[in-house]
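Lettering of chains follows the sequences in order, A, B, ..., and the numbering in each one begins at 1.
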Number of protein chains: 2
Amino acid sequence: MHTDASRPVIQAASTPRRLGSPAMQGPLALMGTPFQYARNAEIYGEGDEAEYLYQVVSGTVRTYKVLEDGRRQIGGFYLPGDIFGFEAGETHSSSAEAVNGAQVLIVKRSAVMLRAEREKDLSQQLWDATTRELQHFRNHMLLLIKTAEERVAGFLLDIARRTASTNSIELAMSRQDIADYLGLTIETVSRTFTQLEQSGAITLATSRRIELRNRAALNRLNA
Amino acid sequence: MHTDASRPVIQAASTPRRLGSPAMQGPLALMGTPFQYARNAEIYGEGDEAEYLYQVVSGTVRTYKVLEDGRRQIGGFYLPGDIFGFEAGETHSSSAEAVNGAQVLIVKRSAVMLRAEREKDLSQQLWDATTRELQHFRNHMLLLIKTAEERVAGFLLDIARRTASTNSIELAMSRQDIADYLGLTIETVSRTFTQLEQSGAITLATSRRIELRNRAALNRLNA
DNA sequence: CGGACCCTAAGGAATGTTACGGAGGGCTGG
DNA sequence: CCAGCCCTCCGTAACATTCCTTAGGGTCCG
């Protein structure tokens, strides 16, 4: 049950680097300032003031909450184009980190909101992003009551869909990240990957590169 | 793992009854039409067109998703004042039912959105409601990785907080509902209740009425 | 009296825990 | 440049535990 607290400690990564030109599309494209975050660098922490909104330009970002004893639940992985950082109050209710090196567009929440009052389109896009996030959480919660095999299958299909890849997936995140996203341990994730490979559903080219061999079987598990 | 499909079938409840005066406060107060739903009556189903927004006036509402084999995950319980029915696309990604008899304010989504364009305050309230919902889901997901005891403690504290009650809780929902909300079985929920009672944390006046005897202990479990 | 709801107990299955070994990449000193 | 080392990440196996499954009986209320 416990994903225990002896998880390898992540040392402070280098400070984010401000970049030149905001070459990204999407609602925040023309407003934001691009920043570069190193692998495992914190973008914001739980309890920090929620002053900005964020959009991934390149790389992957994870948001998560932790319990006192170190158990961690990853809320989501954000890929290029995704917006994150929406909050109810004035502070962040979860933390965000770069999974690997990631470029992120940052823009003041107040500026976005102000502008959204006049630009109906921007307002609409923000609303859509927020409700999509809601939908993601609803699905994610459903995932958490499934069996280990179903969760892993669902995870792989979700990543495949979002990267619009063919049948080949490059995982940006570690087994520990996947485990904490799916509410499993790394051992169970490992076991399940090999299980899926033995049943012919996937092939593990390397530990991070996965080929979907039998989407029908995966979809069946995803139910 | 399987909360199996032999769950007692809920027979079609009586059709919702349209009521007289909209005597409710909140963002939707002046716009909505109040409807009365019988116990277990469906308010909307997964896949239905998402044409309306809803606000609970009295009673309790549950939203949920189901898997083919009958496993069900309850996303949330909505109490008087709470708004539900936010969706990303044009259809509902979950279902909603009245737990017991419930009075619900219903208002056309398009009407709300149109009006929100002009009324900054309404727009703000909708945004707050949505992001609060996001926050709820983040916490709920964290709950789903905890032990049975921790989940039940967290559930009780959440209900207690939201009903602003003293230390006495009246549960509107059945053990099956609680189990499906917490990702447990009814047996485990039962066992955990008795466990908490034996440890002196709570008292079960009746099976639906619970007294919190030791909030500190519950908070410790909630971590 | 029947049905819905709840509780308890015993056994089993899925998952977590603990332990260990190996592969790969980066760093350091030669 | 290379050897050696360390550190992180990943996989496997045996064991432990939690929670689920199955079964049965009790209570409340219409």
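Residue B:Leu204 contributes atom CG, which lies 11 Å from atom C1' of C:dC7 at whole-angstrom precision. In this structure, B:Leu171 atom CG and C:dA4 atom C1' are separated by 17 Å, rounded to whole Å. Atom pair A:Lys146:NZ and C:dA14:P shows a separation of 17 Å (rounding to whole Å applied). Taking atom CD of residue A:Glu149 and atom C1' of nucleotide C:dT15, one finds them 13 Å apart after rounding to whole Å. Separating the CG atom of A:Leu182 from the P atom of C:dT15 is a distance of 12 Å, rounded to the nearest angstrom. The CD atom of A:Gln198 sits 12 Å away from the C1' atom of D:dG11 (whole-angstrom rounding). The CG atom of A:Asn40 sits 8 Å away from the P atom of D:dC9 (whole-angstrom rounding). In this structure, CZ of A:Phe193 is placed 8 Å from P of D:dG11, rounded to the nearest angstrom.
Of the candidates C:dT15, D:dC9, C:dC5, C:dC5 carries the atom nearest the B:Arg208 side chain, counting heavy atoms from C-beta on. When the nucleotides D:dC10, D:dT21, D:dA13 are ranked by their closest atom to the side chain of A:Glu187, D:dA13 comes out on top. The side chain of A:Arg39 lies closest to D:dT8, out of D:dT8, D:dC19, D:dG11. Side chain of B:Leu184, nearest nucleotide from C:dT17, D:dC19, C:dT8: D:dC19. Distances from the side chain of B:Thr147 to the nucleotides D:dC19, C:dT15, D:dT12 place D:dC19 closest. Checking D:dC19, C:dT17, D:dT21 against every side-chain atom of B:Ala148, the shortest atom distance belongs to D:dC19.
The shortest non-hydrogen separation linking B:Pro80 to B:Val57 is CB-O, 3.3 Å.
Backbone-only engagement by B:Ser174 is indicated by non-hydrogen atom pairs under 4.0 Å involving sugar-phosphate atoms exclusively.
Residue B:Ile186 is the one, among B:Ile186 and B:Arg191, whose nearest nucleotide of DNA chain C lies closer to the 5' end (criterion: closest heavy atom). Mapped onto DNA chain C by nearest heavy atom, B:Met173 and A:Thr188 fall at different nucleotides, with B:Met173 at the one closer to the 5' end.
The one candidate from A:Tyr54, A:Phe77, A:Tyr64 that meets the ring-ring contact (aromatic ring centres under 6.0 Å, His included) condition with A:Phe84 is A:Tyr54.
Regarding contacts with the backbone of C:dC7, a side-chain N or O of B:Arg175 is found under 4.0 angstrom from either OP1 or OP2. Close to C:dC7, at under 4.0 Å from its OP1 or OP2, lies no side-chain N or O of B:Ser207.
B:Glu87 and B:His92 share a donor-acceptor pair across their side chains, judged by distance under 3.5 Å alone.
Residues A:Glu149 and A:Leu196 meet the side-chain proximity criterion, which asks for heavy atoms closer than 4.5 Å.
Taking the six-membered ring for Trp and the full ring otherwise, A:His140 and A:Tyr181 have centroids separated by under 6.0 Å.
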